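This chain uses plain numbering: 1 for the first residue, then up along the sequence. Read the numbers this way: they start at 1 and go in the same order the structure lists the ligands and their atoms. Because the structure is predicted, anything quoted here is derived from the model rather than measured. Only this structure's heavy atoms are used, side chains among them; waters, hydrogens and symmetry mates stay out.
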Amino acid sequence: MRQSERDDAWTSRIASSGPPIHQERARQTRQLILRAAAEEFAANGFRSTSLVHVAQRAGITKGAIYHHFGNKENLAASVVEEHYSMWPSLVAETRDQGLNSLETIVTLLERVATVFRDDSLVQASARLQIERSTIGLPLPTPFVGWTELMTDLFRAAHKDGYLRPECSPEMAARVMVAAFFGIQHISDTLHGRRDILERWDEVKRLVFPGICRQGVEVP
Ligand code: LUB
């Protein structure tokens, strides 16, 4: 059973029981647990995180965590799933700003860098992805979603004439996802992501000119 089916099975079993107020309370408790677990996973990693500490941080019982998620492995996998579910709304908001195709990419990645700096759920997911072999559950394959999304965005930039002829949207997407993953990982390891926006700015200033047609000004 895929993680998302497992997660849906847990959620639907809880959410479908009882009146709407109970379902809303179940949803809120689930979010509270995910956020508390993300703080613990981001700080201590999968193995060293204890559900007792997650429960204490969330201000609920350990039983409530078992009720919503079953075990620590399922909780970790749900944190990763929750992370990936965050991006579509951020992408949609950025696409709706009326920017051109190149501005949209640059603006989106700057917003993503900010989220990586500030959001413990994203930070926890990035760490759990690195520790994925210790979790023992299927997790979303990293990088695939972002590479597909960036390819789509660079196809628009290619159509608008912003890309060098020798740079395909697929190439641009692979380079940009690799560069972004690298800067967020190094910034996290060395500086707790405090300097991620400065590192992103260097990628923007040095990598984009290598992707864009001569004379295109990178926003
Ligand atoms: C992104 C990470 C960290 C890729 O899975 C992913 O796509 C990612 C690991 O989970 O950075 C760059 C946007």
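Heavy-atom contacts of Q184 reach the following atoms of ligand 1: 3 (C) (cutoff under 4.0 Å). In the vicinity of Q129, heavy-atom distances shorter than 4.0 Å reach the ligand 1 atoms 10 (O). Of all atoms in ligand 1, numbered sequentially from 1 with element shown, those under 4.0 Å from a heavy atom of P142 are 5 (O).
Of all protein heavy atoms, the one closest to atom 12 (C) of ligand 1 is F180 CD2, 3.7 Å. The protein heavy-atom contact nearest to atom 3 (C) of ligand 1 is F181 CD1, 3.4 Å. Scanning the protein for heavy atoms near atom 5 (O) of ligand 1, the closest one is Y84 OH, 2.4 Å.
Distance check, rounded to the nearest 0.5 Å: CG of L75 to CG of N71 gives 8.5 Å.
Salt bridge annotation for R199-D188: absent, with no cationic side-chain nitrogen under 4.0 angstrom from a carboxylate oxygen. A salt bridge links R95 to D152: one of the charged nitrogens lies within less than 4.0 Å of a carboxylate oxygen.
Side chains of M86 and V115 form a contact here, defined as non-hydrogen atoms less than 4.5 Å apart.
Looking at R164, its side chain does come within 3.5 Å of a backbone N or O of P209 through a donor-acceptor pair.
Nearest residue to atom 11 (O) of ligand 1 from F116, F143, W146 is F116 (criterion: closest heavy atom).
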Inset, instruction - Give the intermediate values and the outcome of side chain to side chain contact (heavy atoms under 4.5 Å, CB included) for residues V112 and W200. - result: CA-CA 10 Å; V112 172; W200 155 249; over 6 Å; no
